[in-house]
Amino acid sequence: MACGSTRRLSELSLASLPAAVIRPAYEPARTRIGIVHIGAGAFHRAHQAVYIDDLLADRPDWAICGVSLHSADVSNALMPQDGLYTLLLLGQETRLRVIGSIRELLCAREEQPAVLARLADPAVRLVTLTITEKGYCLAGEDLDTAHPDIAHDLAAPETPRSAIGYLVAGLRTRRRLGMNPYTVLSCDNLADNGHRLRRAVLQYAQHVDPRLADWIDAKVAFPCSMVDSITPATDDALRERINAELGCEDAWPIQRETYTQWVIEDRFCNDRPPFERVGATMSHDIAGYDRAKLRLLNGAHSSLAYLGSLMELETVGDAMQQPQLAGFVERLMRHAIAPAIVLPADMRADTYIDAILARFRNPAIRHRLSQIAWDGSQKLPVRLLSTIGDALAAGKPIDALCLPIAAWMHYVGRQARHGVALVDPLNDTLSAIGLACTGQAQGDVDAFLALDAVFGPLAHQARFGEALRAAYARLGEATPTPVSRALAAFDA
Ligand code: CS2
């Protein structure tokens, strides 16, 4: 089946797609941009853009301008397709859906004036972000003013590079022109994401112009949100499958599980889309939701990623088929993580954990452990170390919780010895530590614990150091047999 004469997905070819393909219920060209989204990667396109796609038929004024800060790859792939792309939904049945909500894609590095103009456009009432943990340029709770992008932006705030720099440049123009600010909505996997972003923005603005910082403090809302949908990276197998099923070429299709959740704090300083009409939950307190998701789902994911990689497993599905590993992670969630979380009234820990385990076992998904292992230095603090900190304070056991952290240390050492660079902003430091590892728990673990950006004050807690060294030693050579043995030792 061909898509007209173009052979490339586009508005023109929509009508000739196979009947089973779900397509926009509106004319994409008739929509208007109301949201600027920074970080137009696969997660955004599989999650937020789909909620907005559901909304545009009713509310055409909320289309998205997607901004990539550094790379033009997404824009180069999707602009020739009129911003359209295909989403493969992976559940008991698979479904193909063409998404039309991203009407413009800009690469900030190459099209800075256009990005700044969008941020100053009064029709834009909301700026959303998925820039991953490292995009916030934080050192602990504060903005890292020594971060090269932040240092650059503070010296040249009119021509920023960082997301924080762009947010403030846009707000500065709006203040100067007497316009309303936009709401800034973080959609990243960080606890208290809105509060953290607000603090970073205010600290940055304070350096640029203290009166601007006061204005932002008084006028701009930074709601928190919790986002959830498992989104394996696009690979050649997906591209081939989509092109065959679509009958034409999509340069960058994406995939995700059918399940999706978005909980948004209802605190906006400008108009907002009626998110509740398209399945998002509006709430006044999302802390319980984000703790549950980060600590249970993401904590378990990172545990599977590092322990499973040491066991030479490839995907989450493979890891869930190893009874020792799956059993360990399940017990970790039920006995070590869940009891320390205060859940929202509508959630039950056991039901939530059952659902997570079923999602991890979804046979339609191949989610690589190596993808989840990215950015360990940024993810572990929010996913596992926060639980360890609470357990230490409450005098609870931390031995099982330390095993995945020790597995990460062994993983870093292994990758360094194999000459494989980590996808991690601390790659250089981590690789140097990894190369110097001798296998002796004391020296190796202490070298990692000196990473203040990862461990912070936890590093000085004697009980933590001891438990971590014991876990590291328990993993032995960190090959499949000793790792399985270490997991079995936790079998209740
Ligand atoms: C995963 C997440 O890659 C990872 O680190 O743990 O992307 C996870 O799939 C999502 O947070 C699920 O919502």
Side-chain angles (χ1 to χ4, degrees), residues 39 41-51 87-91 128-136 186-191 193 224-235 254-264 279-281 286 289-309 313-320 325 329 332-333 337 347 352-353 355-362 364-387 404-405 407-408 411 422-426 454:
F43 185 78
H44 165 70
R45 293 196 278 130
H47 187 265
Q48 179 188 335
V50 181
Y51 286 84
L87 170 67
L88 174 64
L89 288 159
L90 302 158
T128 52
L129 300 99
T130 46
I131 50 177
T132 77
E133 299 85 346
K134 58 186 173 233
Y136 290 78
S186 166
C187 303
D188 274 300
N189 253 336
L190 284 175
N193 52 15
C224 290
S225 79
M226 182 275 254
V227 294
D228 190 8
S229 194
I230 292 174
T231 307
T234 299
D235 54 15
I254 52 170
Q255 57 186 338
R256 66 149 230 238
E257 63 177 333
T258 318
Y259 179 90
T260 179
Q261 190 179 19
W262 195 7
V263 186
I264 306 170
T281 306
I286 77 139
Y289 294 98
D290 81 10
R291 297 288 183 290
K293 195 267 171 162
L294 279 164
R295 293 184 176 200
L296 287 166
L297 186 149
N298 294 117
H301 245 176
S302 291
S303 303
L304 290 171
Y306 299 118
L307 289 160
S309 297
L313 303 168
E314 213 187 323
T315 66
V316 173
D318 297 342
M320 292 304 290
L325 180 51
V329 167
L332 194 71
M333 285 198 278
I337 304 178
M347 268 176 91
Y352 188 60
I353 294 169
I356 292 172
L357 292 168
R359 290 166 65 194
F360 287 177
R361 291 200 169 97
N362 181 347
I365 288 197
R366 278 185 58 74
H367 194 190
R368 287 180 200 283
L369 297 173
S370 56
Q371 180 188 342
I372 302 167
W374 291 349
D375 289 342
S377 70
Q378 315 289 302
K379 291 174 176 173
L380 291 177
V382 274
R383 296 179 174 204
L384 286 162
L385 296 174
S386 47
T387 303
I405 308 290
W408 170 67
Y411 173 84
L422 298 167
V423 178
D424 194 303
L426 295 193
V454 180

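Atoms within a ligand are numbered from 1 in the order they appear, just like the ligands themselves.
- Contact check for Y306 versus L380: side-chain heavy atoms found under the 4.5 Å cut-off.
- Using modelled atom types, one finds no donor on one side chain facing an acceptor on the other under 3.5 Å when comparing T281 with Y289.
- For ligand 1 and K379, the ligand atoms under 4.0 Å from any heavy atom of the residue are 3 (O), 4 (C), 5 (O).
- At under 3.5 Å, not a single nitrogen or oxygen of T231, backbone or side chain, sits near a nitrogen or oxygen of ligand 1.
- Listed by number with element, the atoms of ligand 1 under 4.0 angstrom from any heavy atom of H367 are 9 (O).
- Residues H44 and C187 form no side-chain contact, since every pair of their non-hydrogen atoms from C-beta on lies 4.5 Å or further apart.
- Applying the side-chain hydrogen bond (donor to acceptor under 3.5 Å, both in side chains) rule to S302 yields the partners R383; only residues at least two apart in sequence or on another chain are considered.
- Between H367 and H301, the angle of the ring planes goes over 60°, which puts this pair in the perpendicular group of the 30/60° scheme.
- Remark: K379 pairs with no residue by the side-chain hydrogen bond (donor to acceptor under 3.5 Å, both in side chains) rule, at least two apart or across chains.
- Residue-level proximity to ligand 1 for S229 is carried by the backbone, the only part with a heavy atom below 4.0 angstrom.
- Of all protein heavy atoms, the one lying nearest to atom 6 (O) of ligand 1 is H301 ND1, 2.7 Å.
- Using a 4.0 Å heavy-atom cutoff, K293 is listed among the residues neighbouring ligand 1.
- Taking a cut-off of under 4.0 Å to the non-hydrogen atoms of N189, the atoms of ligand 1 that pass are 11 (O).
- If you check each of N298, T132, D375 against atom 8 (C) of ligand 1, the one with the closest non-hydrogen atom is N298.
- Side-chain contact between H47 and T130 is absent, with no heavy atoms from C-beta onward closer than 4.5 Å.
- Of all the heavy atoms of M226, none lies under 4.0 Å from any atom of ligand 1, so neither backbone nor side chain is involved.
- Closest protein heavy atom to atom 13 (O) of ligand 1: D228 OD1, 2.6 Å.
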